[in-house]
Amino acid sequence: MSAKIISGTEVATQIRVELKKEVDEMKEKHGVVPGLVTILVGSNPASISYVTGKQKTAHELGFYSHQDDQPADVSEADLLKLVDKYNKDPKVHGILVQLPLPKHIDEKKVLNAIDPDKDVDGFHPINVGRLMIGGDEAKFLPCTPAGIQELIVRSGYETSGAEVVVVGRSNIVGKPIANIMLQKGKGANSTVTIVHTGTKDLEAHCKRADILIVAAGVPGLVKPQWIKPGSCVIDVGVNRVGEKLSEKTGKMIPILKGDVDFDAAKEIAGAITPVPGGVGPMTITMLMKNTVKSAKIHAGIK
Ligand code: GUN
């Protein structure tokens with residue numbers, strides 16, 4: 001039997017409807033408008049596409065939003081000054097510096113310069129630590145992992161006691177989603193394994209997974225025979241493997257492929273996310289959710 005397709009597009013739309021209501025209420029009752037600034041350095045096509053999507057959604061939800069484009073050769077000092085400017089701007093509740101940054105800039109320094117209380121990406125060491133401690137301590141969960149958890153919960157899979165295997169150990173996805181799923185509480189409480197390029201037998205680990213989360217950045221890495229029948233497969237990979245002509249716009253658009261061989265995997269898994277239309281739309285939505293949360297905290301709204 002073919003797997004249930006977990007549509008991130010549909011779940012993201014539901015959450016955005018809920019958020020729009022919340023934003024309208026905040027404006028009406030408290031005169032508070034959530035503010036988001038995205039900073040893009042250079043012109044990496046994938047980064048432009050992500051940042052454009054974030055700005056578009058912020059605009060649709062009625063945020064105050066601003067896109068700050070910087071040239072690829074901007075100095076680290078100037079970028080740090082810019083971050084500081086937005087740290088001090090009361091209209092701004094969320095600051096996002098799109099990654100990766102050019103090689104001459106120390107990414108860690110820039111992320112550490114963002115006010116942890118405006119760090120809607122959840123990448124500042126303080127927020128990473130808060131997530132690790134868990135419970136009420138966690139403030140801003142990183143957006144892609146938060147979206148993954150939401151998709152698993154809404155797909156109806158039991159997470160408590162489940163074997164969760166995470167493929168990939170990045171700071172943006174692998175490490176935080178592993179941390180989220182092992183916390184005590186609803187939508188988590190799982191037994192978590194992280195596998196990576198140093199793991200001896202990837203296949204053996206993946207085969208044990210009730211919930212398999214793949215964020216390796218390697219197109220088609222996970223083969224159908226690695227998947228436990230009936231399991232939930234979350235494919236975080238967004239790999240640009242070529243270009244094609246869009247019938248809709250007549251323009252060239254990227255061909256995207258996940259880390260999982262989707263067509264074969266869907267005949268074995270119980271549920272699976274597609275690429276595109278799976279995790280991607282959730283990342284943007286969780287960023288909006290974090291920005292609304294930040295605006296509420298800054299304004300003292302319960
Ligand atoms: N680059 C890829 N994913 C992300 C993300 O979630 N946030 C930021 N800031 N950069 C990214």
Side-chain angles (χ1 to χ4, degrees), residues 8 12 15 36-58 65-70 72 74 76 79-80 82-83 86-87 92-103 105-116 118-128 131 139-151 166 168-180 213-218 234-240 254 256 258-259 273 275-276 278-291 293-294:
I15 299 173
L36 174 69
V37 163
T38 51
I39 301 174
L40 174 67
V41 179
S43 55
N44 175 315
S47 293
I48 292 175
S49 157
Y50 291 142
V51 165
T52 306
K54 288 165 188 176
Q55 280 296 329
K56 183 171 170 272
T57 311
S65 63
H66 176 61
Q67 162 73 26
D68 197 321
D69 289 318
Q70 293 295 316
V74 67
E76 187 182 280
L79 192 58
L80 290 171
L82 199 64
V83 168
Y86 293 123
N87 279 343
V92 175
H93 308 105
I95 302 168
L96 178 138
V97 179
Q98 187 65 31
L99 304 178
L101 289 171
K103 290 212 163 49
I105 296 174
D106 183 347
E107 213 160 84
K108 257 195 272 173
K109 243 191 200 169
V110 176
L111 294 180
N112 292 4
I114 297 172
D115 177 350
K118 294 190 177 186
D119 170 38
V120 285
D121 246 337
F123 293 164
H124 191 287
I126 287 189
N127 286 317
V128 175
L131 161 60
K139 194 166 186 179
F140 300 121
L141 296 187
C143 305
T144 302
I148 293 170
Q149 184 188 34
E150 195 77 42
L151 285 180
V166 179
R169 56 179 155 184
S170 70
N171 289 331
I172 293 183
V173 185
K175 286 182 203 163
I177 189 60
N179 250 307
I180 289 171
I213 301 167
V214 192
V218 180
I234 306 289
D235 189 351
V236 192
V238 186
N239 305 291
R240 293 176 167 232
L256 302 177
D259 289 351
T273 58
V275 177
V279 175
M282 292 300 290
T283 299
I284 297 183
T285 303
M286 300 321 275
L287 176 71
M288 302 302 136
K289 207 170 170 176
N290 276 348
T291 307
K293 183 176 183 179
S294 179

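Start at 1 and go down the list; that is how both ligands and their atoms are numbered. No experiment lies behind these values; they were computed from the predicted model shown.
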In the structure I gave you, are the side-chain heavy atoms of [X] and [Y] within less than 4.5 Å of one another anywhere?
X    : Y    : answer
T291 : S294 : no
L79  : V41  : yes
D106 : V110 : no

**OP:** With heavy atoms only and a cut-off of under 4.0 Å, state how F123 meets ligand 1: side chain, backbone, both or neither.
**Re:** side chain
**OP:** Would you kindly specify which portion of V97 sits under 4.0 Å from ligand 1, judged on non-hydrogen atoms: side chain, backbone, both or neither?
**Re:** backbone
Original post:
Does one side chain, of T38 or Q98, offer a donor that lies under 3.5 Å from an acceptor on the other?
Top reply: no
**OP:** Before giving the answer on side chain to side chain donor-acceptor pair (under 3.5 Å), spell out for Y86 and D115 the whole-Å C-alpha distance, their side-chain angles and the decisive distance to 0.1 Å.
**Re:** CA-CA 9 Å; Y86 293 123; D115 177 350; over 6 Å; no
**OP:** Return a yes/no value for L99: is any of its N or O atoms, backbone included, closer than 3.5 angstrom to an N or O of ligand 1?
**Re:** yes
Subject >> Heavy atom of the protein closest to atom 11 (C) of ligand 1 (residue, atom name, distance) >> reply: Q98 NE2, 3.4 Å
**OP:** If you have a sec, work out which protein heavy atom is nearest atom 9 (N) of ligand 1 and how many Å separate them, to one decimal?
**Re:** D121 OD2, 2.6 Å
